[in-house]
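What follows is a short report on a single structure.
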Number of protein chains: 2
Amino acid sequence: MATTRVVIIGAVALGPKTACRIKRLRPDFDVIMVDQDEYISYGGCGIPYYISGDVSDVNELMSTSFHMLRTPEFFEKAKGVKVLTRTRAESIDRKAKRVWVRNLLTGQEKDLPYDYLVLATGSIPNRLPIPGLDHPRVTSVSNLHEAMAVKEKIAKGEVDKAVIVGAGAIGCEMAEALSDLWGVETTIVEIAPQVLPGVLDTSLARMVQKHLEEHDVTVHLGETVREVAETDEDGPLMVRTDKRELEADLVITAVGVRPNGDLARAAGLAVSPRGGILVNQRLQTSDPSIYAGGDCIEVLHQITAKHFHFPQGSLANRQGRIIGTNIAGGSARFPGSVGTFAVKIFDMAVATAGLTRKAAEAEGFDPVFVLVVQADRAHFYPTQDLMYLAAVVDRKTRRVLGVQGMSHNGDALVGRINALAALLAAKGTVEDLSNLEVAYTPPFASAMDIVNALGNTAENVLDGLNRTVDPEEFEALFFRGKEDDLLCLDVRGPQNAAPFVARFGDRWINIPQETLEERLDQVPRDKKLVVVCNSGVRSYEALLQLRKAGITNALNLQGGVAAVKKSGMVDLSEGES
Amino acid sequence: MATTRVVIIGAVALGPKTACRIKRLRPDFDVIMVDQDEYISYGGCGIPYYISGDVSDVNELMSTSFHMLRTPEFFEKAKGVKVLTRTRAESIDRKAKRVWVRNLLTGQEKDLPYDYLVLATGSIPNRLPIPGLDHPRVTSVSNLHEAMAVKEKIAKGEVDKAVIVGAGAIGCEMAEALSDLWGVETTIVEIAPQVLPGVLDTSLARMVQKHLEEHDVTVHLGETVREVAETDEDGPLMVRTDKRELEADLVITAVGVRPNGDLARAAGLAVSPRGGILVNQRLQTSDPSIYAGGDCIEVLHQITAKHFHFPQGSLANRQGRIIGTNIAGGSARFPGSVGTFAVKIFDMAVATAGLTRKAAEAEGFDPVFVLVVQADRAHFYPTQDLMYLAAVVDRKTRRVLGVQGMSHNGDALVGRINALAALLAAKGTVEDLSNLEVAYTPPFASAMDIVNALGNTAENVLDGLNRTVDPEEFEALFFRGKEDDLLCLDVRGPQNAAPFVARFGDRWINIPQETLEERLDQVPRDKKLVVVCNSGVRSYEALLQLRKAGITNALNLQGGVAAVKKSGMVDLSEGES
């Protein structure tokens with residue numbers, strides 16, 4: 001029998017994983033990877049850390065954990081995989097089972113026969129439809145060439161001011177990379193009215209925005225870039241938005257990516273309108289001899305049961321192994337994804353899974369947004385810090401549709417989101433969330449941990465016990481709205497409440513929760529009440545006391561003063577409660 | 001209609017949670033808690049941190065997150081719950097629905113009528129069947145009185161040497177508490193042949209033992225304490241084991257607890273042989289008017305489908321809320337537990353869920369133990385550290401039965417164990433583990449994260465691709481066994497292998513994995529081979545290369561040199577690979 005031949009197009013993440021898995025299972029197979037670049041098998045997600053200087057040498061992104069450079073020679077010798085770099089796959093002849101490739105250095109063309117073909121063609125950065133993007137100081141950071149060019153410019157001292165277009169994960173990571181170590185004066189311009197659009201709902205997005213601003217990043221939201229123009233040859237570029245002009249020595253565009261299904265489409269394979277290759281759970285395309293995975297495919301969303309594009313190095317790795325298993329004759333399946341996501345922004349981590357409230361609404365759910373603020377450890381443990389965790393739950397089915405969180409303790413947050421992602425994938429309800437089994441020991445968790453508290457709060461909200469107002473709504477109603485008949489009832493201790501009473505006078509009254517029962521007659525009955533404590537827990541207790549006393553129109557500020565302050569909605573120096 | 005009356009016996013963890021939940025849902029109910037102690041509603045799991053000094057004031061263990069002391073007055077005013085402290089429940093008259101209680105200060109007795117009764121009677125520390133335990137310098141640390149007495153002795157400088165009996169979680173936490181800040185010369189004596197018996201299998205237990213010893217804790221395993229004797233009135237006590245005599249100014253016994261079902265049994269309720277109260281998923285006892293939860297009940301184990309005793313503050317809190325909901329007329333269920341567990345020991349965290357290999361064997365499974373060593377972050381990220389993670393999987397069903405891990409990065413480990421616990425509860429297989437969706441970003445995870453790598457390795461082992469030897473078995477075979485026909489093939493780089501080659505001579509040969517293909521003729525074919533790298537990954541690759549070349553008797557050292565060194569089995573100063 002002739003040797004089975006596998007051709008893999010693309011050698012960054014999925015390609016190498018697939019190739020190695022095949023060779024481990026079937027050392028007798030011929031496996032060849034082609035890539036148009038000279039750099040292969042690198043950690044693209046490490047680019048911001050390379051630019052920031054956290055990763056000092058670009059080779060580290062291309063090395064194994066045991067410090068060997070993953071060169072074509074390495075793949076040949078250590079893995080038995082042949083690699084053709086600087087080689088572009090031009091077309092696929094599915095009938096003849098051949099890929100036509102061209103060497104970009106020599107111009108030489110040839111065809112590679114295959115029994116199985118793997119498409120790992122990745123994604124393409126979106127390009128803004130504006131003039132001025134071809135200037136050498138305007139770039140995306142989607143590959144190592146761009147990354148090295150950016151770092152060189154910065155290291156040479158050529159960049160005092162930068163403008164980043166897009167406040168998604170890459171935009172935020174790049175803001176940190178430029179400003180934290182290098183001290184570049186950095187501005188983000190984002191077309192959406194919030195940072196991390198699509199990832200966070202507004203309450204948490206406000207906190208992230210504040211965090212960026214506290215680290216001297218200027219953030220302009222709801223603003224469209226119209227043009228990048230040269231001022232003079234050596235001078236800064238001028239970024240013109242619909243609202244202002246910004247000088248920049250460097251402009252980084254980070255406005256998302258689209259799946260690169262061009263080759264697949266040209267070969268007549270099924271591809272989504274946005275270009276994502278369609279695959280089954282075995283990761284086969286519409287041609288059973290051709291597999292595809294990584295950033296170029298559409299992924300099944302386990303909450304919506306629809307396709308979405310979710311370019312993540314982790315998915316590429318897991319999918320690469322599955323394709324390898326299947327080509328080697330096994331049977332492995334990729335179950336889909338709930339969109340689990342994490343990003344570090346300065347000393348803050350953001351992590352999410354599932355749908356935002358906004359996305360859930362668009363999908364036809366009746367979502368409720370629940371926000372909890374609680375310590376990441378037992379509250380008596382000395383090093384604890386507040387964590388902000390939210391859930392989006394469906395009113396009708398009580399299913400948890402999404403979770404999103406923020407914490408200075410990134411490991412603690414990401415771990416909790418991972419556990420919650422497992423719950424989402426299992427189609428868990430708020431009751432399942434209340435009972436999600438998380439390990440308890442005071443240095444790492446609370447006895448009633450924040451994930452369970454989130455479930456409890458969601459349950460109380462769905463059951464109508466807890467009637468909440470979001471920090472954003474509260475800001476509109478109280479800080480900006482100045483509704484005369486809206487009153488804050490602060491149930492914290494007098495020390496914590498005093499600065500607010502001093503600032504807001506008659507509109508902010510203080511009755512500590514443990515004295516409320518005796519002082520119910522002091523609660524105005526002709527006003528709309530928002531009950532406030534530091535986190536939303538004591539105010540919930542107070543809300544129920546008010547209800548018992550017949551005061552039923554009160555709302556509980558979820559996330560409490562902690563969330564309001566974290567969002568920068570109010571700035572009063574006072575102790576925590 | 002008459003007011004519904006709820007009596008709760010026990011006011012530490014479950015009791016207060018139940019009481020508050022009932023009052024929130026049904027403020028019209030009369031809720032009364034009785035407790036024989038004067039201290040109520042405290043975080044018992046915080047005792048080691050109070051003794052260590054991490055928590056400076058014992059009141060912190062009895063305070064809310066907003067620093068209010070949870071006194072009887074607090075419960076009365078803030079929660080509407082009545083509390084009788086220093087009051088012991090003597091008996092239950094189920095027919096008359098009355099609890100007979102006695103005030104321990106006044107001797108006064110009375111009966112409390114109830115519509116619903118809640119048993120939160122906790123657990124009782126096991127007592128060693130040996131003489132000398134009544135000495136005032138011999139104590140357990142199961143309540144605040146004992147904790148305060150221990151701390152007082154240490155703070156007064158009365159304790160230079162301590163012996164801890166029992167190397168379970170409390171024993172290990174106490175070893176840290178005594179020795180880390182206070183500098184007490186501490187010895188642990190454990191009857192089992194390992195630390196954390198029942199929690200860890202031996203491979204990881206060895207690493208924890210080494211960690212304790214590196215922090216100057218003496219550990220004696222497989223050793224039975226026979227007696228504690230006085231030397232002279234002011235002198236140290238003498239702890240006599242079956243192997244030695246140990247001087248001690250303080251002896252702490254931490255040999256487990258049993259559920260306190262005495263009152264329940266006396267009332268004719270269904271109780272397990274070990275004393276655990278039997279409840280249904282609504283947490284009702286065999287008398288539907290009587291609920292029970294927390295440390296006094298038997299819990300359904302979601303892997304074995306049998307009862308087990310799992311005293312955890314977290315379960316008590318979650319169960320307390322469920323009982324509250326049910327008594328208030330709702331319908332909540334406790335699904336059981338997979339035994340998720342965490343403990344911090346000096347600067348190392350241990351976390352587990354599910355069954356150990358040993359326990360799985362006892363339950364009739366055919367368990368395979370798989371150990372993976374990998375960085376807790378992207379390997380190129382500057383602050384990464386090695387994590388040790390193991391799984392116990394069933395050969396037949398491929399189901400994951402248990403996980404156990406160790407890391408200096410406790411949050412990162414506990415988070416992963418929490419995600420894995422969700423997988424265990426969902427009866428996930430090794431394939432599900434390979435695809436468990438964890439968030440990826442270089443500062444907090446790897447693209448192929450250690451949890452997925454664990455699934456991949458388990459799959460390779462089950463499929464016969466990866467034939468492994470555990471660090472413990474390797475120690476017996478190689479370091480202690482000195483089998484002449486056993487050879488180590490070290491496939492790391494020469495720099496890493498050199499000290500081992502120098503030490504073990506002919507028995508340790510070095511052929512770097514990427515050169516193996518060309519040097520296959522140098523591999524002896526008449527010897528039993530153990531292939532070794534730093535973690536088990538490159539050696540797996542080499543194992544497959546050997547197999548392709550017809551060398552099929554080789555084994556892969558799982559966890560690699562990293563695990564062997566972490567266990568203290570070999571001590572050579574050399575660089576990491």
Side-chain angles (χ1 to χ4, degrees), chain A residues 24 27 43 45-46 49 54-55 60-61 65-66 74 77-78 312-314 317-318 321 335 337-338 340-344 351 375 378-382 409-412 414-419 421-423 425-426 435 437-444 447-448 452 456 513-514 534 544 548 577, chain B residues 24 27 43 45-46 49 54-55 60-61 65-66 74 77-78 312-314 317-318 321 335 337-338 340-344 351 375 378-382 409-412 414-419 421-423 425-426 435 437-444 447-448 452 456 513-514 534 544 548 577:
Chain A
R24 283 185 199 118
C45 306
Y49 309 99
D54 283 327
V55 174
E60 296 173 45
L61 299 184
S65 60
F66 42 90
F74 170 78
K77 288 195 166 183
Q312 293 274 310
S314 49
N317 268 277
R318 297 201 291 270
R321 187 169 186 275
S337 162
V338 295
T340 306
F341 167 90
V343 61
K344 183 177 92 67
H379 67 266
F380 53 77
Y381 198 76
N409 185 346
D411 289 304
V414 170
R416 283 169 171 88
I417 292 291
N418 287 343
L423 180 97
N435 284 306
E437 186 174 353
V438 289
Y440 172 50
T441 185
F444 305 122
M448 183 63 91
N452 303 124
N456 298 345
Q513 187 266 324
E514 70 280 6
N534 201 52
L544 296 174
K548 186 185 163 200
S577 153
Chain B
R24 284 186 198 117
C45 305
Y49 309 98
D54 284 328
V55 174
E60 295 173 45
L61 299 184
S65 61
F66 42 89
F74 170 78
K77 287 195 168 183
Q312 293 274 312
S314 49
N317 268 276
R318 297 202 290 271
R321 187 168 185 276
S337 162
V338 294
T340 305
F341 167 89
V343 61
K344 183 176 92 67
H379 67 266
F380 54 76
Y381 198 77
N409 185 345
D411 290 305
V414 170
R416 283 168 172 89
I417 291 292
N418 287 343
L423 181 97
N435 284 306
E437 186 173 354
V438 288
Y440 172 49
T441 185
F444 305 122
M448 183 64 90
N452 302 125
N456 297 345
Q513 186 265 324
E514 69 281 6
N534 199 53
L544 296 175
K548 185 185 163 200
S577 152

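Remember, it's a predicted structure, so these values are computed and weren't measured experimentally. Residue numbers start from 1 in every chain, and the chains themselves are labelled A, B, ... in the order their sequence lines are given, proteins ahead of strands.
Checked by atom type, the side-chain pair A/R416/B/N418 shows no donor-acceptor distance below 3.5 Å.
Here B/N435 contributes atom CG and A/S314 contributes atom OG; the two are 11.0 Å apart, rounded to the nearest 0.5 Å. Between the OH atom in A/Y381 and the NZ atom in B/K344 there is a gap of 4.0 Å [rounded to 0.5 Å]. With rounding to the nearest 0.5 Å, the separation of CD in B/Q312 from CD in A/E437 is 8.5 Å.
Interface summary for chain A: among B/P382, B/A351, B/A378, the most heavy-atom pairs under 4.5 angstrom belong to B/P382. No other option in B/M448, B/K548, B/E60, B/R321 has as many heavy-atom pairs under 4.5 Å with chain A as B/R321. Ranked by heavy-atom pairs under 4.5 Å with chain B, the first of A/A439, A/A412, A/A425 is A/A439. Between chain A and the residues B/G43, B/A421, B/S337, the largest count of heavy-atom pairs under 4.5 Å involves B/S337.
Residues B/P442 and A/C45 come closest through the heavy atom pair CG-O, 3.4 Å. Between B/A422 and A/A419 the shortest heavy-atom distance is CB-O, 4.3 Å. The two residues B/E514 and A/K77 have their closest heavy-atom pair at O-CB, 3.5 Å. Of all heavy-atom pairs between A/V55 and B/F380, the closest is CG2-O, 3.5 Å.
Interface remark: B/F444 contributes backbone and side-chain atoms alike to the contact with chain A (heavy atom separation under 4.5 Å). If you measure heavy-atom distances from B/R24 to chain A, the contacts under 4.5 Å come from both the backbone and the side chain. For a residue to count as touching a neighbouring chain, one of its non-hydrogen atoms must lie under 4.5 Å from one of that chain's; by this rule B/P27 touches chain A with backbone and side chain alike. For chain A, the nearby part of B/N452 is the side chain; its heavy atoms alone come within less than 4.5 Å. Residue B/N456 touches chain A through both its backbone and its side chain, counting heavy-atom pairs closer than 4.5 Å. Using a 4.5 Å cut-off between heavy atoms, B/I417 makes no contact with chain A at all. Residue B/A375 does not touch chain A at all, counting heavy-atom pairs closer than 4.5 Å.
The closest side-chain heavy-atom distance from A/P443 to B/Y49 is below 4.5 Å. Looking at B/V414 and A/Y440, their side chains never come closer than 4.5 Å, going by heavy atoms from C-beta outward.
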Worked verdict on B/T340 versus A/V438 for side chain to side chain contact (heavy atoms under 4.5 Å, CB included) = CA-CA 6 Å; B/T340 305; A/V438 289; 5.9 Å; no

